[in-house]
Amino acid sequence: MVMIDTDKGFTRRRFLALSAGIAVAVAAGPALMTGEAHAAFNANQKAALNKINTYFNSIRTMQGRFIQFGPNGEQSEGVFFIARPGKIRFNYSPPVRMDVVSDGNQVAIRDNKLRTQDLYPLKRTPLRYLLADRIDLTSSNIVRKLIEEPDLISLVLEQESAFGGGSLKLIFDNRTFELRQWVVTDAQGLDTSVAVYDVEIGKAADPKHFKIDYYLPNKSLK
């Protein structure tokens, strides 16, 4: 059953896809590829991928603020906390009345108004790409495309998830290789982007941020 958040016009399933995207990486193995040929990277691209891979995999905790843009112009914001592997929390600011929490096993989309939630295995959501203990971003089996711009460098990962196929784009600063944004493209070709700012790396995260109340009614089972 697909529920609607009437405050923002999201389906609850789309809300998870929007929230995750990265986005930013994987508790469950590499991205699943389509039948297209693997990407071929030149020497400069391989060097950039090595630097991104080293920096990205060094991150254990991250927190900051985010702004999310949906495919129909929806905009929301809030704060996030990441503790790798497997844990994340998105706290959305009003009027959105939902939070997204992963405890390393399940992802909960919690409706704070109705006191209900939807639960999904982390390995079946795009969040797995943000929360992996380690991921090989130098591999053409994982990275489908590398896009270089003057200030940014983007890695496109094709994926399968609980919501069908699509792609995840991780966008990094071209100089510092810090994660700036991620974009989830769903199976219908609709994009949702999440930009992060005021980011702190390495600050200890409160374990309580990542606790799921499994006693709440699970609407995804209905």
Side-chain angles (χ1 to χ4, degrees), residues 1-5 7-8 10-32 56-57 59-64 66 68 70 76 78-93 96-135 142 157-168 170 179 182 184-187 192 194 196 204-222:
M1 180 176 181
V2 177
M3 303 297 294
I4 301 294
D5 170 11
D7 287 333
K8 302 299 289 183
F10 296 160
T11 67
R12 292 167 69 89
R13 290 197 172 204
R14 180 170 296 284
F15 184 85
L16 178 57
L18 304 190
S19 303
I22 165 179
V24 201
V26 175
L32 298 178
F56 188 72
N57 283 301
I59 296 172
R60 296 291 91 191
T61 63
M62 175 190 295
Q63 62 186 57
F66 69 88
Q68 177 177 300
S76 53
V79 296
F80 73 93
F81 305 88
I82 292 174
R84 297 168 70 189
K87 299 179 176 66
I88 198 168
R89 184 184 188 100
F90 292 96
N91 281 347
Y92 284 77
S93 299
V96 177
R97 301 181 184 182
M98 290 186 181
D99 294 328
V100 177
V101 181
S102 171
D103 63 2
N105 182 38
Q106 296 286 316
V107 178
I109 308 173
R110 191 169 62 202
D111 187 319
N112 293 319
K113 180 180 179 181
L114 300 178
R115 295 289 296 166
T116 60
Q117 65 188 356
D118 293 314
L119 291 174
Y120 302 95
L122 173 61
K123 66 183 180 180
R124 296 293 311 280
T125 76
L127 278 172
R128 68 191 191 274
Y129 294 100
L130 295 174
L131 302 180
D133 188 19
R134 294 191 63 82
I135 182 172
I142 295 177
L157 292 69
E158 292 191 20
Q159 63 173 350
E160 295 286 346
S161 75
F163 314 102
S167 67
L168 172 67
L170 304 179
L179 182 68
W182 60 92
V184 176
T185 302
D186 67 16
T192 298
V194 178
V196 296
D206 187 338
K208 291 187 293 186
H209 289 324
F210 313 115
K211 289 187 178 295
I212 294 175
D213 183 356
Y214 284 98
Y215 290 99
L216 287 179
N218 179 9
K219 300 195 74 172
S220 63
L221 297 179
K222 297 183 179 180

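Computed from a predicted structure; not experimentally measured.
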* Structure fact -> Between T192 and Q68, the two heavy atoms sitting closest are CG2-CG, 4.1 Å
* Decide side chain to side chain contact (heavy atoms under 4.5 Å, CB included) for L119 and I212; before the verdict, give the C-alpha distance in whole Å, the side-chain angles of both, and the deciding distance to 0.1 Å. => CA-CA 10 Å; L119 291 174; I212 294 175; 4.1 Å; yes
* **Non-hydrogen side-chain atoms of D213 and R115 separated by less than 4.5 Å** => yes
* To do: Kindly compute the distance separating CG (D103) from CD1 (I88), expressed to the nearest 0.5 Å.
  => 12.5 Å
* Structure fact -> dist I82:CD1 -> R89:CZ (nearest 0.5 Å) comes out at 13.5 Å
* To do: Report the C-alpha distance between L131 and V107 in whole Å, list the side-chain angles of each, state the deciding distance to 0.1 Å, and finish with yes or no for side chain to side chain contact (heavy atoms under 4.5 Å, CB included).
  => CA-CA 12 Å; L131 302 180; V107 178; over 6 Å; no
* Asked: Hey, are the side chains of D133 and R60 touching, using non-hydrogen atoms and a 4.5 Å cut-off?
  -> yes
* Just checking, is any N or O donor in the side chain of Y214 or Q106 under 3.5 Å from an acceptor N or O on the other one? -> no
* So, do R97 and L114 sit near enough that their side-chain heavy atoms are less than 4.5 Å apart? -> no
* Asked: Atom CG of L168 and atom CD1 of I142: how far apart are they, to the nearest 0.5 Å?
  -> 12.0 Å
* Taking all heavy atoms of A108 and all of Q117, pick out the closest pair and write down the distance. => CB-OE1, 3.6 Å
* Structure fact -> When every non-hydrogen atom of Y92 is compared with those of S76, the smallest separation belongs to CE2-OG, 3.5 Å
* **Parallel, tilted or perpendicular: rings of F90 and F80 (30°, 60°)** => tilted
* Structure fact -> So CG of N112 and CG of D99: to nearest 0.5 Å the spacing works out to 4.5 Å
* To do: Check L122 against G86 and note the closest heavy-atom contact, atom names and distance.
  => CD2-O, 3.8 Å
* **Straight-line distance of D206 CG to K211 NZ, nearest 0.5 Å** => 9.0 Å
* Hey, what do you get for CZ (R134) to CZ (R84), rounding to the nearest 0.5 Å? -> 8.5 Å
* If every non-hydrogen atom of K113 is compared with every non-hydrogen atom of D111, which pair is closest and at what distance? -> N-OD1, 2.9 Å
* **Any V79 side-chain heavy atom under 4.5 Å of Q63 side chain** => no
* Taking it one step at a time, do D118 and M98 satisfy side chain to side chain contact (heavy atoms under 4.5 Å, CB included)? -> CA-CA 11 Å; D118 293 314; M98 290 186 181; over 6 Å; no
* Taking all atoms of both residues into account, what is the closest heavy-atom pair of V101 and H209, and its distance? -> CG1-O, 3.7 Å
